[in-house]
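For reference, the structure discussed in these notes is given below.
Basis for what follows: all heavy atoms, side chains included, without hydrogens, waters or symmetry-related copies.
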Protein chains: 2
Amino acid sequence: MTPQPGDADRVTIHDVARAAGVSRQTVSNAVNNPERVRPDTLERVRAAIDELGYRASSSAQSLRSRRAGAVGIELHTLGAHNATTAPVLTALSIGAARHGCHIVPFGSQSGHPMLEGYRSMWAGRLVDAFVLAETHHGDPRPPWLEEQGIPYATFGRVWDDPTFTRWVDVDGGAGTEDAVRHCRDQGYERVAFLGWPAGSVVGDDRRSGWARACADAGGVAGPAAVAEQDLDDATATATALLEHLSPGDAVVCASDVLALGVHHALVRRGLEPGRDVGVVGFDGSETATMHHLTSVAQPFEAIAETCLDLVSAALEGSPPPEHGSLLRPTLTTARSTRA
Amino acid sequence: MTPQPGDADRVTIHDVARAAGVSRQTVSNAVNNPERVRPDTLERVRAAIDELGYRASSSAQSLRSRRAGAVGIELHTLGAHNATTAPVLTALSIGAARHGCHIVPFGSQSGHPMLEGYRSMWAGRLVDAFVLAETHHGDPRPPWLEEQGIPYATFGRVWDDPTFTRWVDVDGGAGTEDAVRHCRDQGYERVAFLGWPAGSVVGDDRRSGWARACADAGGVAGPAAVAEQDLDDATATATALLEHLSPGDAVVCASDVLALGVHHALVRRGLEPGRDVGVVGFDGSETATMHHLTSVAQPFEAIAETCLDLVSAALEGSPPPEHGSLLRPTLTTARSTRA
DNA sequence: ACGGTTGATTTGAACGATCAAATGGATAGG
DNA sequence: CCTATCCATTTGATCGTTCAAATCAACCGT
């Protein structure tokens with residue numbers, strides 16, 4: 001009885017037109033410009049659409065409009081899924097529906113040149129634009145895309161080109177400031193910092209927020225130490241750092257991995273994170289949640305939404321925004337900062 | 001000088017035809033059926049293609065072939081990214097290129113009925129098929145897709161329908177068997193098990209492999225305990241479990257989270273994973289890598305590849321395979337099983 | 001009753017590709 | 001020399017949709 005969309009008998013605009021006794025264009029109007037259709041006709045067409053379960057073919061629309069209605073995003077196999085890329089991808093995929101488009105993740109084929117994936121996606125116009133994640137100094141992608149005239153937006157500033165403003169990023173400094181303030185509110189005495197080696201823009205930013213907030217609070221800054229984004233190194237460094245801390249102090253970290261290192265160092269000394277020494281991580285990753293670590297959580301939904309807004313705007317030909325978007329992360333509190 | 005693909009001046013098959021002095025169909029043949037074209041003509045056409053940088057428009061091909069050339073996969077925001085869905089998605093995205101298609105992840109809009117995402121993706125034929133991850137008992141998706149005649153393959157068996165064979169799954173039992181054997185090879189005495197509460201098919205499967213291998217090795221089975229997929233519970237349960245173990249024993253776990261619980265329980269007792277008690281997790285997640293836990297790693301690339309093969313076959317109308325594919329996971333060894 | 005205007009609806013064309021059938025030329029066979 | 005066969009290539013039509021222009025009907029004022 002009900003129409004079986006077995007693919008062979010796909011319902012087209014013609015079928016609806018015939019069923020409603022109107023022309024195909026009227027059906028198209030009923031869907032896209034209802035105000036151009038007389039109310040009673042509209043009613044009849046809509047009934048036919050519901051009856052037959054019609055939905056416009058996206059391939060046909062793409063061909064006509066010369067728009068794929070898709071945004072590409074590159075995924076790396078390369079070890080660490082960064083704890084941020086996956087959630088951003090999820091948020092993008094969900095948010096895309098609201099923007100009338102979809103996301104197409106593609107892989108960088110190992111062995112191929114860096115930009116090959118982008119080139120082939122663009123060549124067949126599988127996508128109308130790209131979202132770049134994990135931008136870094138010397139990133140070859142922005143200049144190449146710019147040169148090709150391909151629209152894109154980035155999660156992460158485009159460090160090499162200050163004129164580019166179609167970016168979203170997280171205000172790491174504001175995040176660590178919040179972290180320090182939270183520690184003080186919770187009654188911790190001094191606030192130490194465990195960060196990455198100087199030179200990484202993201203790391204330096206996060207450290208500066210800690211320094212600022214400590215100064216604002218009146219010299220509560222504890223010692224600062226540096227470790228790689230590696231649990232062993234973090235744990236070792238944290239162990240050494242603890243030598244210079246006393247119960248009642250706290251450590252703000254540049255990442256959840258570093259914070260986990262502090263957590264482990266504490267436990268190994270028989271101390272309890274939170275009760276004895278406060279610990280705050282950064283990223284709001286699953287690792288932090290699992291270990292009940294207070295963490296500065298990335299606003300994934302907002303990041304995705306802004307990226308989509310940026311590419312949408314670019315596709316509509318709007319001029320780029322005045323400035324990039326610096327989003328404020330929010331602190332997720334847990335046991336590790338409860339005294 | 002070089003052609004600027006600014007979208008307005010997109011190179012079409014007509015442009016190539018004109019440049020090469022042939023008809024559009026000859027260009028099409030040169031690309032898709034080179035043997036039908038005389039060698040010298042072929043040469044000329046190929047030169048024109050390279051010169052202009054022509055690539056067939058995927059929208060046009062989709063319309064003509066009535067194939068979107070895409071496979072949909074649903075992503076959940078719901079907390080745990082399962083540690084497996086993200087890597088599988090990455091592997092799928094990369095593998096898709098080899099299959100001449102791409103992956104379209106879509107989100108289940110919260111508040112909407114479960115199947116709405118699938119329905120809308122299918123309605124506009126944005127995808128030709130779906131890959132389902134995280135299948136479970138009472139999953140409403142397979143019967144619905146079946147009823148609609150929509151092609152799909154699953155990662156995880158379809159428990160409610162034994163006749164369905166378009167699935168890939170990981171042989172959990174074989175994985176834990178390997179884990180037990182590895183423990184014995186490393187010289188551990190008894191091998192205990194930390195699993196999930198009975199009733200989950202995956203969990204029971206993993207436990208059975210442990211039991212089997214222990215029996216084969218001649219009653220080396222240590223005690224078994226049960227905890228939820230939660231670090232605190234795992235740690236508590238592991239602490240109790242350790243009461244019944246001695247140095248030189250090992251614990252095989254149903255997941256990396258459980259294994260991490262054992263790791264923490266050991267550390268808190270001043271014992272060292274590996275040297276004192278062996279620990280093996282399951283999934284090969286980042287958590288395991290970070291903590292140097294030996295783990296039964298999921299074969300993500302093979303899983304993705306098989307899923308793609310299955311949907312490709314389904315789209316070509318091939319009959320379903322005789323049986324589902326049960327892939328053997330491989331053990332990733334690390335410090336936690338080094339005595 | 002007739003041109004003029006408005007509004008609803010229909011027809012023609014195009015998006016870019018490919019299948020199917022038609023065309024043109026060269027060669028072989030009667 | 002004329003037809004049959006074969007190969008390379010071209011033309012026509014189509015996929016489903018939407019823009020632009022054409023058609024049609026109703027209504028208005030003079």
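- For C:dG16, the OP1/OP2 oxygens have a side-chain nitrogen or oxygen of A:R66 closer than 4.0 Å.
- The side chain of B:A60 sits closest to C:dA17 out of C:dA17, C:dA13, C:dT10.
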Stepwise, does the salt bridge (charged side-chain N to carboxylate O under 4.0 Å, His left out) test hold for B:R119 with B:E116? CA-CA 5 Å; B:R119 187 192 302 280; B:E116 185 48 35; 3.7 Å; yes
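- OP1 or OP2 of C:dT10 has at least one side-chain nitrogen or oxygen of A:S23 nearer than 4.0 Å.
- In this structure the side chain of B:T154 never reaches within 4.5 angstrom of the side chain of B:R166, judged on heavy atoms.
- A donor-acceptor contact shorter than 3.5 Å links the side chain of A:T135 to the backbone of A:G156.
- The local environment of CD in B:E35 is crowded, with over 12 non-hydrogen atoms from other residues, nucleotides or ligands closer than 6.0 Å.
- B:R36 CZ to B:T41 OG1: the interatomic distance, rounded to the nearest 0.5 Å, is 15.0 Å.
- Atom CG of A:L63 and atom C1' of C:dC15 are 4 Å apart (whole Å).
- In terms of the ring pair (Phe, Tyr, Trp, His ring centres under 6.0 Å) criterion, residue partners of B:Y152 (sequence neighbours excluded) are, by chain and number, B:F164.
- For the residue pair B:L327 and B:P299, the shortest heavy atom distance occurs at CB-CG, 4.1 Å.
- By the 4.5 Å heavy-atom criterion applied to side chains, A:L308 and A:I103 are counted as neighbours.
- Each end of the helix from C:dA1-D:dT30 to C:dG30-D:dC1 gets its own axis from five base pairs, and the two axes differ in direction by 70°, given to 10 degrees.
- Looking at residues 24-45 of chain A, you'll see A:R24, A:Q25, A:S28, A:N32 sit with a heavy atom under 4.0 Å from some atom of DNA chain D.
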